[in-house]
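To start, the structure itself, in structure tokens.
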Amino acid sequence: MTDVQAWIAEEVKTNDMVLFMKGTPAMPMCGFSGQVVQILDYLKVPYKGINVLADDAVRQGIKEFSNWPTIPQLYVKGEFVGGCDIVREMFQAGELQDMLAEKGITAPQTA
Amino acid sequence: MGAVRDSITRTLTEAFQPASLEVVDESHLHKGHAGWSEGGETHFRVRITAPAFAGMTRVAIHRAINDALKAELAGDVHALAIEAKAA
């Protein structure tokens, strides 16, 4: 296992929800990454965004990590959920919300 | 024009014998964005319905499609949006 694979494995293990994306949640640099950000922000669930454009090793490494050729990639509790199309389909069907609730990931209560 | 689209259509038809298949060149929607180039055929959307997908998870279906289109995706295709279902 290369260093970058170990680093990715650690990131998805130690964070409940990780989105590997182009750009940042505040400034997505690709429409597909932006769509996933919009969905997660709409659900108000906490997640960590990792900008693959900042590091070419991560950009290539994440494709190998899950044998998935495209970015964005969403991971929940260490598990690969899917890319933009899958996340959107799941969201529209209500399955994403159910899955997050099942895994105990909820929007923080506002005061 | 349309050579990549034809190739995607042919490959998916052979691989999955779909009940319905639509391959749309959406490159014009991404004009000026990353991966876009003059002449189109960089961004595609695939709408496919195939009984072969029955019982498969979404991730498995997308993997199967991406695997089938490995040659096309290794070329000039920058993005492939997939809408897939079994029936």
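Below, chain A is the first sequence line, B the second, and so on; all start at residue 1. In this text, all values refer to a predicted model and were calculated from it rather than measured experimentally.
Rounded to the nearest 0.5 Å, atoms CZ (Arg58(B)) and CE (Met90(A)) are 6.5 Å apart. Note that NE2 of His62(B) and CD1 of Ile86(A) are 4.0 Å apart. Values are rounded to the nearest 0.5 Å.
Placement of Met56(B) and Phe16(B) within a single hydrophobic cluster is found when ILVMFWY residues are connected by side-chain heavy-atom separations under 4.5 Å, directly or transitively. Taking hydrophobic clusters as Ile, Leu, Val, Met, Phe, Trp and Tyr residues chained together by side-chain heavy-atom distances below 4.5 Å, Phe32(A) does not share a cluster with Val77(B).
Residues of residues 63-72 of chain A that come closer than 4.5 Å to chain B, counting heavy atoms only, are Ser66(A), Asn67(A), Trp68(A), Pro69(A), ordered by residue number. The contact list for residues 79-87 of chain B toward chain A, using heavy atoms and a distance under 4.5 Å, reads Ala79(B), Leu80(B), Ala81(B), Ile82(B), Glu83(B), Ala84(B) by residue number.
Listed by chain and number, the residues in a salt bridge (charged side-chain N to carboxylate O under 4.0 Å, His left out) with Asp41(A) amount to none (sequence neighbours excluded). Under the ring-ring contact (aromatic ring centres under 6.0 Å, His included) criterion, Tyr47(A) pairs with no residue, sequence neighbours left out.
Atom NZ of Lys70(B) sits in a sparse spot, with 12 or fewer heavy atoms from other residues, nucleotides or ligands closer than 6.0 Å.
Scanning all heavy atoms of the two residues, the minimum distance from Val59(B) to Val81(A) falls at CG2-O, 3.2 Å.
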